[in-house]
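Heavy atoms only: backbone and side chains are in, while hydrogens, waters and symmetry mates are out.
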Amino acid sequence: MGGCLWVSHSRAPLSGMKTYQAILPVPFGKLGILSDSAHLFGIDFLSHDAAPLLPQNPVAKAACQQLLAYLENSAFHFDLPIHPHGTLFQQRVWQALADIPCGKTETYGALASQLKSAALAIGQACGANPVPIVIPCHRVLGKRGLGGFMHHRDGNPLDIKRWLLTHERAQFPLS
């Protein structure tokens, strides 16, 4: 999976109120890092006004370092111990997303054909991706446009998707 250590045992993700182990400033806002000392569980897109937070454990530190390396060089390959909690179907979709190379895109429909599913189900799994950027759900597009991002069809989430695709020099429709 793109160099990441994919942990597939069924351990519950962090629960209750989210307590970030790092908050990293990035060009499109802030990234909230959810981890423990062994695994990265999640990356949340936060607003520009979220207060930065230095990494609180080694995994959060590695996640911040690798995300910054990706922002410097979009071809950077992540090597993080991730634990994306989800259904077996979601995990199959996320594994397929991890196989989409930097600078390339795929459509929801093509992934649906590959996984013998429906485009809408692929979109829902993309929207449920707990570790975006590391698992590149932003590389999946609609048949005639950008499609959605983070369960949104417009607004700031699509601006972030455009930013990530532009950063990776991917060809994508402007809509």
Check whether any side-chain N or O of Asp44 sits under 3.5 Å from a backbone N or O of Leu46 as a donor-acceptor pair, and report yes or no.
-> no

Shared hydrophobic cluster for Leu68 and Leu80 (ILVMFWY, side-chain gaps under 4.5 Å) = yes

How about His77 and Tyr70: are their ring centroids closer than 6.0 Å?
-> no

May I have the step-by-step check of side chain to side chain contact (heavy atoms under 4.5 Å, CB included) for Lys18 and Leu34, ending in yes or no?
-> CA-CA 8 Å; Lys18 291 183 179 182; Leu34 295 160; 4.0 Å; yes

Report yes if some heavy atom in the side chain of Thr105 is under 4.5 Å from a heavy atom in the side chain of Ile100; otherwise report no.
-> no

When rounded to the nearest 0.5 angstrom, what is the spacing between CG in Leu97 and CZ in Arg92?
-> 12.0 Å

Heavy atoms only: give me the nearest Phe149-Pro157 pair and the separation to one decimal.
-> CD2-O, 3.1 Å

Ile82 versus His39, closest heavy-atom pair with distance = O-CD2, 4.5 Å

Could you check Leu71 against Phe76 for side chain to side chain contact (heavy atoms under 4.5 Å, CB included), going step by step and ending with a plain yes or no?
-> CA-CA 9 Å; Leu71 292 172; Phe76 177 82; over 6 Å; no

Identify every side-chain donor-acceptor pair in residues 115-133 under 3.5 Å, counting partners at least two apart or on other chains, and give the distances.
| residue | atom | partner | partner atom | Å |
| --- | --- | --- | --- | --- |
| Asn129 | OD1 | Val131 | N | 3.0 |
| Asn129 | ND2 | Ile135 | O | 2.7 |

Under the criterion side chain to side chain contact (heavy atoms under 4.5 Å, CB included), which of His83, Gln56, Lys61, Gln21 is the partner of Ser35?
-> Gln21

Look at the side chain of Lys30 and the backbone N and O of Ala50, then say whether any donor-acceptor pair between them is shorter than 3.5 Å.
-> yes

More than 12 non-hydrogen atoms from neighbouring residues, nucleotides or ligands closer than 6.0 Å to CG on Asp154, yes or no?
-> no

Is a donor on one side and an acceptor on the other found under 3.5 Å between the side chain of His167 and the backbone of Leu165?
-> no

side-chain hydrogen bond (donor to acceptor under 3.5 Å, both in side chains) contacts touching residues 130-143 (sequence neighbours left out) = His138-Glu168, Arg139-Glu168

Of all heavy-atom pairs linking Ile33 and Cys64, the shortest is CG1-SG, 4.2 Å

How far apart are the closest heavy atoms of Val59 and Pro81, and which atoms are they?
-> CG2-CG, 4.2 Å

Nearest heavy-atom pair of Ile43 and Leu31: which atoms, and what distance?
-> CG2-CD2, 3.9 Å

How far apart are the C-alpha atoms of Leu141 and Tyr108, what are their side-chain angles, what is the distance that settles it, and do they pass the side chain to side chain contact (heavy atoms under 4.5 Å, CB included) test?
-> CA-CA 6 Å; Leu141 307 176; Tyr108 297 103; 5.5 Å; no

Please name the pair of heavy atoms, one in Val140 and one in Lys161, separated by the smallest distance, quoted to 0.1 Å.
-> O-NZ, 2.6 Å

Side-chain heavy-atom pair Phe78, Leu67 within 4.5 angstrom cut-off | yes

Gap separating the CG atom of Asp99 from the CD atom of Glu106, nearest 0.5 angstrom = 11.0 Å

Contacts of Asp49 that satisfy side-chain hydrogen bond (donor to acceptor under 3.5 Å, both in side chains) - sequence neighbours left out | Ser47

Taking the side chain as C-beta and beyond, is there a heavy-atom pair between Arg162 and Leu146 under 4.5 Å?
-> yes

Leu111, Phe89: one ILVMFWY side-chain cluster at the under-4.5 Å cut-off?
-> yes

